[in-house]
Amino acid sequence: MPSKPSLSPARRAWRRFCANRLGLWSLVLFCTLVVLSLAAEVISSDRPLVVRYEGQLYFPLLQDYPETTFGGDFPTPADYLDPFVRERITQGGNWALYPLNHYGPGTLNYFSPEPNPSPPSRENWLGTDDRGRDMLAQLIYGFRVSVLFALALTAVGVLLGVAAGAVQGFFGGKTDLAFQRFIEIWGSMPELYLLIIFSAVFAPSIALLLVLLSLFGWMGLSDYVRAEFLRNRQLDYVKAARALGVPSRQIIWRHILPNSMTPVVTFLPFRMGAAILALTSLDFLGLGVPPGTPSLGELLSQGKNNIDAWWISLSTFAVLVTTLLLLTFMGDALRDALDPRKQ
C-alpha cells in the first residue's frame with residue numbers, strides 16, 4: 001500500500017496554526033475588518049453611491065456635481081446632507097442610494113439638535129466628537145490609517161532588519177563587530193526627542209513619521225536574524241555550498257535566509273501591534289499625523305478633554321483594544337505553529 005506523501009514544513013505549520021481556533025478566528029476577523037476599512041468610502045460617506053435624477057444616473061462618490069445639477073440655486077458642490085438637496089433627489093421618481101453611514105471622516109453634522117459632542121443617536125450611531133464629526137466614520141477611517149501605517153512600518157522594518165542581521169550573521173568577525181557598535185550607538189539616541197525636533201522643523205506628515213520610526217524600528221529584529229544566520233552558517237549544507245564555490249549572495253538568499261525566517265514571521269503581528277500603539281501614542285501627544293487626518297490617538301485625546309462625553313473614549317478604546325487583541329492572538333498562534341519543539 002503506497003504511503004501518503006509527507007507535507008511540506010509550511011503546510012504542517014499552517015495546519016498547526018489552524019488547530020489554534022482562537023488564532024484562526026482572530027486572523028479571519030482581522031482580515032475582514034481590514035477589507036471593510038479599505039472600502040470605507042462605500043460604508044461611510046456623506047455622498048450617495050448612486051443618484052438617479054430626472055432619468056439620468058450620477059455617481060457622487062466618484063465625481064463632484066454642483067447643486068444646480070439637482071435643481072439647486074448655487075454652482076457650488078452639492079451638500080447631500082442638506083434637507084433641500086435630499087428632498088430634490090428623492091421626490092418625483094428620483095432616488096439615491098446612500099452608504100450605511102451618511103457621514104465621512106470630516107463631515108460636520110450641522111443639523112444636530114444637541115451641542116457637540118453629542119451622544120449616540122439614530123443619526124450618529126456612536127455620537128459625535130467635540131467638532132461635530134461622526135464618531136463611527138472617524139473610527140472606520142482611523143482604523144484604516146492605523147493598519148496601513150502599521151503594515152508599511154512593519155514592511156520597512158523587516159527589510160532593514162533582515163538585511164542588517166543577514167550581513168552581520170553571515171560575515172561575522174569585524175563586520176559583525178562594527179555593526180554591533182553602530183547599533184549600540186544608534187539605539188542610544190533619544191527617539192522621542194528626535195520626533196519632537198523634527199515635528200517642530202518640518203510639517204507633520206505620515207511619510208515623515210514613517211521615515212523617522214523606520215530609522216529605529218529595525219534594530220530589534222536584526223538581532224534575531226543575526227542569531228539565526230550565526231547558527232545556520234555553520235551547518236553542513238552551507239559548508240558544502242561554499243566548497244562548491246557558490247557566491248555568498250546566493251548562499252544568503254537561497255540557502256540561509258529561507259531557514260532563518262521563523263523569528264521574522266513570528267514577530268510580524270507583534271510588530272504591527274507595536275506600530276499601531278506608537279502611532280496612537282504620537283497622535284495623542286500631537287506629534288503624529290497632520291491635523292484633520294482620522295486618528296485613534298486624537299480621539300483618545302478628545303476623550304481625555306471631554307470626560308463627560310463617555311462615548312468618545314469608550315468606542316475608541318474598544319476599537320484599539322480589539323485590534324491589539326486580535327494581533328496578539330494571531331502572534332501567539334503563529335509562534336506555536338512555528339515552534340520546533342511542538343512539531
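- For the pair M261 and L257, the minimum side-chain heavy-atom distance is below 4.5 Å.
- Annotation: side chain of S146 is not in contact with side chain of T323 (no heavy-atom distance under 4.5 Å).
- Considering all non-hydrogen atoms of both residues, I43 and L36 come closest at CD1-O, 3.3 Å.
- A donor-acceptor pair under 3.5 Å links the side-chain atoms of N94 to the main chain of E54, judged by distance alone.
- A distance-only check finds a donor-acceptor pair linking the side chain of W186 to the backbone of L215 [under 3.5 Å].
- Contact record, A166 with I252: CB-CG2, 4.3 Å, taken as the closest heavy-atom pair.
- Partner of N116 under the side chain to side chain donor-acceptor pair (under 3.5 Å) criterion, chosen from T128, N306, D129, N109: T128.
- For Y193, the OH atom sits in a loose shell: 12 or fewer heavy atoms of surrounding residues, nucleotides or ligands are nearer than 6.0 Å.
- Annotation: side chain of V42 is not in contact with side chain of P99 (no heavy-atom distance under 4.5 Å).
- With a 4.5 Å cut-off on side-chain heavy atoms, R86 and H102 count as touching.
- For R88 (side chain) and E67 (main-chain N/O), no donor-acceptor pair under 3.5 Å exists by modelled atom type.
- Heavy-atom minimum distance, V162 versus V225: O-CG1, 3.9 Å.
- The shortest side-chain heavy-atom distance between R226 and L230 falls under the 4.5 Å cut-off.
- Heavy atoms from other residues, nucleotides or ligands lying under 6.0 Å from CH2 of W95 number more than 12.
- L326 and L22 fall into different hydrophobic clusters, defined by Ile, Leu, Val, Met, Phe, Trp and Tyr side-chain heavy atoms under 4.5 Å apart, directly or through other members.
- With W310 contributing its side chain and I307 its backbone, the two residues share no donor-acceptor pair below 3.5 Å.
- T69 approaches Y58 most closely through the heavy-atom pair CG2-CE2, 3.6 Å.
- Listed for the S188 side chain is a donor-acceptor partner under 3.5 Å among the backbone atoms of I185.
- In this structure, N259 contributes its side chain and H255 its backbone to a donor-acceptor pair below 3.5 Å.
- Other residues, nucleotides and ligands contribute over 12 non-hydrogen atoms within 6.0 Å of the CG atom of N305.
- The backbone N or O of L151 lies less than 3.5 Å from no partner atom in the side chain of T154, so there is not a single donor-acceptor pair.
- For the residue pair D79 and Y110, no side-chain donor N or O sits within less than 3.5 Å of a side-chain acceptor on the partner.
- You'll find the side chain of L296 stays beyond 4.5 Å of the side chain of V145, heavy atoms only.
- Side-chain atoms of R47 do not come within 3.5 Å of backbone N or O of L61 as any donor-acceptor pair.
- In the displayed structure, Y224 atom OH is contacted under 6.0 Å by at most 12 heavy atoms of other residues, nucleotides or ligands.
- Side-chain contact between L277 and L324: present, with at least one pair of heavy atoms (C-beta onward) separated by less than 4.5 Å.
- By the 4.5 Å heavy-atom criterion applied to side chains, E41 and Y141 are counted as neighbours.
- Scanning all heavy atoms of the two residues, the minimum distance from G71 to F84 falls at O-CZ, 4.0 Å.
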Point to revise | Candidate pair F143 and I276, rule side-chain contact (heavy atoms from CB on, under 4.5 Å), full reasoning | key: CA-CA 9 Å; F143 174 80; I276 292 175; over 6 Å; no
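- Residue-environment remark: CZ (R231) exceeds the threshold of 12 foreign heavy atoms within 6.0 Å.
- Distance alone, capped at 3.5 Å, is enough to place a donor-acceptor pair between the Q302 side chain and the D130 backbone.
- Heavy-atom contacts from other residues, nucleotides or ligands closer than 6.0 Å to CZ of F59 number more than 12.
- Pairing each heavy atom of D46 with each of Y80, the nearest pair is O-CB, 3.5 Å.
- Linking ILVMFWY residues whenever their side-chain heavy atoms come closer than 4.5 Å, directly or via other members, places L148 and L282 in the same cluster.
- Taking a 6.0 Å sphere around CZ of R181, one finds it holds more than 12 heavy atoms contributed by other residues, nucleotides or ligands.
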Exercise for review: Evaluate the side-chain hydrogen bond (donor to acceptor under 3.5 Å, both in side chains) criterion for residues Y103 and E123: first the C-alpha distance (whole Å), next the side-chain angles of each, then the deciding distance (0.1 Å), finally the verdict.
Suggested key: CA-CA 9 Å; Y103 293 90; E123 188 65 22; 3.0 Å; yes
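- Listed for the S44 side chain is no donor-acceptor partner under 3.5 Å among the backbone atoms of A40.
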